[in-house]
Number of protein chains: 2
Amino acid sequence: METEPRHRIYRDEMKSVFQDILQRHGMKEQKALLCAEIFMINSLEGIYSHGVNRFPRFVKYLDEGYIKPDAEPTLVHSSGSIEQWEGNLGPGPLNAVFATDRAMQLASANGIGLVALANTNHWMRGGYYGWHAARKGFVFIGWANTCVNMPAWGGKDARIGNNPFVIAVPHDPEAIVLDFAMTQFSYGRMEAYQHEGLKLPFPGGFNKNGELTDDPGAILEAMRPVPIGYWKGAGLSLLLDILAATLSGGLSTHQIGSCDKETNISQVFISIDMAKLGKQNFIKGTIDNIISDLKKSEAAGPDSDIRYPGEGVVRTRKTNTGLGIPVDKGLWDKILAL
Amino acid sequence: METEPRHRIYRDEMKSVFQDILQRHGMKEQKALLCAEIFMINSLEGIYSHGVNRFPRFVKYLDEGYIKPDAEPTLVHSSGSIEQWEGNLGPGPLNAVFATDRAMQLASANGIGLVALANTNHWMRGGYYGWHAARKGFVFIGWANTCVNMPAWGGKDARIGNNPFVIAVPHDPEAIVLDFAMTQFSYGRMEAYQHEGLKLPFPGGFNKNGELTDDPGAILEAMRPVPIGYWKGAGLSLLLDILAATLSGGLSTHQIGSCDKETNISQVFISIDMAKLGKQNFIKGTIDNIISDLKKSEAAGPDSDIRYPGEGVVRTRKTNTGLGIPVDKGLWDKILAL
């Protein structure tokens with residue numbers, strides 16, 4: 001399914017190109033460096049859709065003023081283990097790293113910490129912040145609301161978001177990181193299947209007659225992707241939006257509106273410091289034993305690969321570190337011209 | 001789809017019958033009263049599977065010693081806004097109410113509170129604790145692990161649990177409460193469809209040839225229910241189990257093992273005190289506006305009913321308060337003989 005890469009760029013080169021472009025489009029050196037690092041790592045780890053493939057849009061948003069290159073979060077309200085921050089439309093990945101670190105600091109002090117962030121920008125790949133926290137021994141639970149891109153359950157016009165949700169825990173040698181959106185397949189994924197003339201591996205939405213289908217073109221025509229678990233994922237999307245907006249004091253999905261200009265997003269970052277728990281000797285063994293039991297699964301088919309969330313990321317990182325990060329030649333040329 | 005009720009029992013009568021039975025099976029008066037209330041409310045609100053229908057099994061577990069009628073949770077470890085409690089195999093609903101209240105107390109002090117409970121018993125309906133907290137102005141996020149009842153993604157033998165997950169927020173006049181398990185359809189639901197000779201409304205699992213199907217009999221034969229969102233729900237189940245076991249210091253799903261004797265469960269209760277947030281005037285309006293926008297959805301079909309999670313519960317409660325709680329006559333006779 002994955003398009004054969006026509007071109008590969010080594011990690012250091014990609015990062016350096018990104019940093020240079022970001023600086024030329026208004027970001028100061030240190031901010032551009034961290035932002036470039038995050039876009040590169042997301043690409044290196046195989047999440048191209050929220051790495052290199054989305055980089056031009058990020059630059060466009062900088063140029064159009066939706067992303068304020070110098071803005072930093074400011075504290076609005078604090079109450080014990082909870083803090084509410086205003087994102088001031090700063091770069092999403094920088095705001096999100098800041099909020100993750102702050103939630104970890106609160107967790108170090110109080111066992112658990114929650115940071116809610118209003119008026120920020122797209123964090124790109126939520127899993128990045130999960131890896132960031134879990135590698136340092138923290139649990140991470142985080143989510144964002146998004147623009148309007150999916151119908152409510154029982155509706156046919158888009159009203160809710162595909163609100164990404166992340167849970168991460170430490171695990172030797174790094175972490176277990178679950179990072180998923182509320183639509184069964186992203187629009188980008190469905191477009192790729194359609195482009196290849198393929199059916200989706202599972203039903204992914206409704207056609208214009210309201211019938212469940214695995215035909216990506218029919219779903220894209222009706223604009224009716226299905227939420228994970230049908231009514232369950234639609235409900236989860238709604239609750240994540242309610243929590244993101246109320247906890248941050250920011251906008252909800254229906255206020256964020258169109259996906260053409262997705263900004264003023266609300267996000268939540270919860271962290272738990274594993275070092276603050278009792279039974280310290282028990283934690284690592286418990287996680288190891290759960291994964292070890294999972295791996296004893298009887299494979300459903302000859303191609304079955306029983307993995308824990310994030311396991312593939314480590315393999316992809318290794319491959320792409322060695323061979324370079326695959327990128328469409330046309331896209332890379334476009335980026336070099338930014 | 002719902003079986004036509006042959007019998008209805010008024011709420012006070014059901015509660016009184018439950019209390020009497022629980023006392024005769026070893027529970028002290030006050031504990032029996034609260035336990036009876038929870039089983040009755042779950043039934044009154046339409047969650048019969050975790051109310052009246054499961055009551056005989058609860059009594060059986062009391063008789064067999066899996067549930068200790070007098071046991072109460074004891075504090076094992078405390079760190080700021082986090083507490084770890086040992087459930088001592090007390091009655092699941094009583095331990096869960098206790099843990100919810102304790103998480104709310106921690107939230108009142110620190111904005112957010114987390115209580116993890118090891119070695120407890122089935123909480124019946126997780127949504128009960130969500131309603132309990134949200135009616136008092138608190139956010140509730142909670143989950144439990146379960147016995148082994150679903151294959152891992154890519155596997156065909158049961159390795160993971162259907163781990164229920166609950167999110168609740170206050171909303172006039174009561175709450176929005178999402179309460180769902182990780183399997184697309186419960187075994188009980190699939191058995192009911194099979195009994196009626198009906199197909200499931202959506203694909204619910206794999207048959208013995210590994211093909212996705214809406215035939216409940218074929219799924220039950222293969223014992224391969226599908227997780228919500230396929231690989232996504234399988235991942236969420238795994239992470240919820242890891243968190244429940246590590247945060248509580250208790251057992252994980254693979255250790256809980258067979259569903260014939262589901263005990264020593266691990267649970268997590270997170271609460272956030274909405275009164276501790278800034279922008280207090282903003283909260284109610286934000287939630288109202290999200291729901292109001294949801295209700296503007298264009299209906300997908302003539303029978304579409306655009307609801308928020310928990311909205312149906314209030315209607316069912318009203319109906320069943322007036323007419324009595326529907327219960328199978330044979331089941332009720334069996335309960336009266338306990």
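Order of the sequence lines fixes the chain letters, A, B, ..., with proteins taken first and strands second; residue numbering starts at 1 for each chain.
- Looking at A:K276, both its backbone and its side chain come within 4.5 Å of chain B, counting heavy atoms on both sides.
- Contacts between A:K296 and chain B at a heavy-atom distance below 4.5 Å involve backbone atoms as well as side-chain atoms.
- Applying the ring-ring contact (aromatic ring centres under 6.0 Å, His included) rule to A:W131 yields no partners; only residues at least two apart in sequence or on another chain are considered.
- Only the side chain of A:I141 has a heavy atom closer than 4.5 Å to any heavy atom of chain B.
- B:N264 and B:N119 share a side-chain donor-acceptor pair at under 3.5 Å.
- A donor atom on one side chain and an acceptor atom on the other are not found under 3.5 Å apart for A:S108 and A:Q105.
- With a 4.5 Å cut-off on non-hydrogen atoms, A:T253 does not touch chain B at all.
- Contact annotation for A:D303: neither backbone nor side-chain heavy atoms come within less than 4.5 Å of a heavy atom of chain B.
- Contacts of A:I167 with chain B are made by both backbone and side-chain atoms, with heavy-atom separations under 4.5 Å.
- Inter-residue side-chain proximity for B:E221 and B:N207 is flagged as unmet; no heavy-atom pair is nearer than 4.5 Å.
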- Can A:Y308 and B:W231 be said to form a ring-ring contact (aromatic ring centres under 6.0 Å, His included), step by step? CA-CA 10 Å; A:Y308 60 81; B:W231 59 94; over 10 Å; no

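- For B:T286, the part lying near chain A is the side chain, with the backbone staying farther off; criterion is any non-hydrogen pair under 4.5 Å.
- B:F140 pairs by the ring-ring contact (aromatic ring centres under 6.0 Å, His included) definition with nothing, not counting sequence neighbours.
- Defined by atom type and a distance below 3.5 Å, a donor-acceptor pair is present between the side-chain atoms of B:D241 and B:N145.
- For A:V139, the part lying under 4.5 angstrom from a heavy atom of chain B is the side chain only.
- A salt bridge is absent between A:D293 and A:K295; no separation between the charged side-chain nitrogens and carboxylate oxygens falls under 4.0 Å.
- A tilted orientation is assigned to the rings of B:W143 and B:F165, their planes being inclined by 30° to 60°.
- Interface remark: B:L238 contributes side-chain atoms only to the contact with chain A (heavy atom separation under 4.5 Å).
- In this structure, the portion of A:Q84 lying under 4.5 Å from any heavy atom of chain B is its side chain and not its backbone.
- Of the two parts of A:L212, only the side chain, counted from C-beta on, holds a non-hydrogen atom closer than 4.5 Å to a non-hydrogen atom of chain B.
- Within the 4.5 angstrom heavy-atom criterion, atoms from both the backbone and the side chain of B:L236 approach chain A.
- Of the two parts of A:I242, the backbone and the side chain both hold a non-hydrogen atom closer than 4.5 Å to a non-hydrogen atom of chain B.
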